[in-house]
Amino acid sequence: GAGQHSTARTTGGTAKIGMQDTVNTNGTTVGGVEGNGKAFYKETNTDGETVFYQLNNTNCLGYEDIYGHKYDMMDCVDVPNDSGNGGKWRYLMPDGTYRRVKGVEATGWINGVTHGKYMDVVPAAASGSSTTYYCDYYSYSGSTGRVVYRGYDYGAGAVGGVSCAHAGFDASYSYAGIGSRLAFRGKIVVAESVAAYKAAVEVA
């Protein structure tokens, strides 16, 4: 299912189903009696019957909304396209050093990816189609200082998916369909009080 067709939809709707993928009960992306742009998850009720419950958000491989309506701006990665480094994704590592992973210098349907040392998935070839290979799209610009978005924001089109990436804009670009996704390193600790939270200091 495609989920609710709006860039303003609330995130977090799939938290209650964990890693379970959402589905569409009639097998269509949009339209139809049960399609209608929604997504569903299934459970077995007390009578042993399979029951579908509707959600506004999609979930795939544990990633919410990666299939449409929200670009996730990636932190600590860009495509600077500086001298001798065209198309190379640059990653800022926790120790302050940089590493680069070569990506394709073209826009198109992804038919090959580079699997990097740190579980990178970077588009390496772009001559597939919407029904072959990865079925996802990569948008690229050779201009300097490009940022990287994952997912897709212009609806729930065929180009969006888990491999979809966009490196066509600089950091000054803004749009309602662009957001960010919080991620944490280390152990999450619940503060005992507001005072304890305010007194917390960052630990590298």
Side-chain angles (χ1 to χ4, degrees), residues 2-3 5-9 11 21 29-30 57-185:
H5 283 278
S6 170
T7 56
R9 68 182 174 190
T11 59
D21 286 354
T29 302
V30 293
N57 308 87
T58 60
N59 200 41
C60 179
L61 301 175
Y63 291 100
E64 184 176 278
D65 291 338
I66 201 166
Y67 273 104
H69 300 291
K70 293 289 184 185
Y71 267 139
D72 290 328
M73 185 173 179
M74 296 182 68
D75 193 21
C76 300
V77 58
D78 63 352
V79 184
N81 285 325
D82 50 10
S83 179
N85 290 304
K88 291 183 181 178
W89 292 29
R90 181 179 65 174
Y91 295 85
L92 175 62
M93 300 300 289
D95 64 0
T97 61
Y98 286 96
R99 63 184 178 85
R100 296 176 189 260
V101 178
K102 177 62 177 171
V104 65
E105 295 180 64
T107 292
W109 296 95
I110 302 168
N111 64 307
V113 297
T114 298
H115 293 278
K117 180 179 178 181
Y118 297 91
M119 298 180 70
D120 308 312
V121 180
V122 176
S127 58
S129 73
S130 63
T131 57
T132 60
Y133 300 98
Y134 289 84
C135 305
D136 289 342
Y137 204 79
Y138 180 51
S139 297
Y140 171 77
S141 167
S143 300
T144 58
R146 304 294 92 176
V147 294
V148 179
Y149 306 131
R150 287 286 198 185
Y152 185 63
D153 76 326
Y154 296 107
V159 300
V162 294
S163 298
C164 182
H166 195 299
F169 297 114
D170 60 26
S172 66
Y173 181 74
S174 64
Y175 183 69
I178 297 174
S180 60
R181 189 182 301 264
L182 295 178
F184 301 91
R185 288 181 184 269

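Residue indices begin at 1 and follow the sequence shown.
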The single option from Asp82, Asp78, Asp120 that satisfies salt bridge (charged side-chain N to carboxylate O under 4.0 Å, His left out) with Arg100 is Asp82
Strictly distance-based, threshold 3.5 Å: is any side-chain N or O of Tyr140 a donor or acceptor partner for the main-chain N or O of Gly87?
yes
Is the backbone N or O of Asp65 less than 3.5 Å from a side-chain atom of Asn57, with the two atoms forming a donor-acceptor pair by type?
no
Any donor and acceptor pair, going by atom type alone, linking the side chain of Asn111 with main-chain N or O of Ser129 inside 3.5 Å?
no
Working to the nearest 0.5 Å, report the span between OH of Tyr138 and SG of Cys164.
10.5 Å
Residue pair Met93, Tyr118: steps toward the side-chain contact (heavy atoms from CB on, under 4.5 Å) verdict
CA-CA 10 Å; Met93 300 300 289; Tyr118 297 91; 3.7 Å; yes
Are Val147 and Met73 side-chain neighbours, meaning at least one heavy-atom pair lies under 4.5 Å?
yes
Report yes if some heavy atom in the side chain of Glu64 is under 4.5 Å from a heavy atom in the side chain of Thr58; otherwise report no.
no
Using modelled atom types and a 3.5 Å cut-off, is there a donor and acceptor pairing between side-chain atoms of Asn81 and backbone atoms of Gly86?
no
Value rounded to 0.5 Å, distance of OH in Tyr91 from CE in Met74:
5.5 Å
Any idea which heavy atoms bring Ala106 and Ala126 closest together, and the distance?
O-CB, 4.3 Å
Between Trp89 and Pro123, which heavy-atom pair has the shortest distance, and what is it?
CZ2-CD, 3.6 Å
In short, Gly112 meets Ile110 closest at the heavy-atom pair O-CG2, 3.4 Å
Determine whether more than 12 heavy atoms belonging to other residues, nucleotides or ligands lie under 6.0 Å from atom CG of Asn85.
yes
Looking at every heavy atom in both Trp109 and Ser130, which two are closest together, and how far apart are they?
CH2-CB, 3.4 Å
In sequence, state the C-alpha distance, the side-chain angles, and the governing distance for Asp170 and Arg146, and then conclude on side-chain contact (heavy atoms from CB on, under 4.5 Å).
CA-CA 5 Å; Asp170 60 26; Arg146 304 294 92 176; 3.5 Å; yes
Given side chains that start at C-beta, do those of Phe169 and Tyr71 come closer than 4.5 Å, heavy atoms only?
no
So His166 and Val148, do their side chains get closer than 4.5 Å, heavy atoms only?
no
Can you see which heavy atom on His115 is nearest to which on Val121, and at what distance?
ND1-CG2, 4.2 Å
Nearest 0.5 Å, what's the NZ-CZ distance between Lys88 and Arg99?
13.5 Å
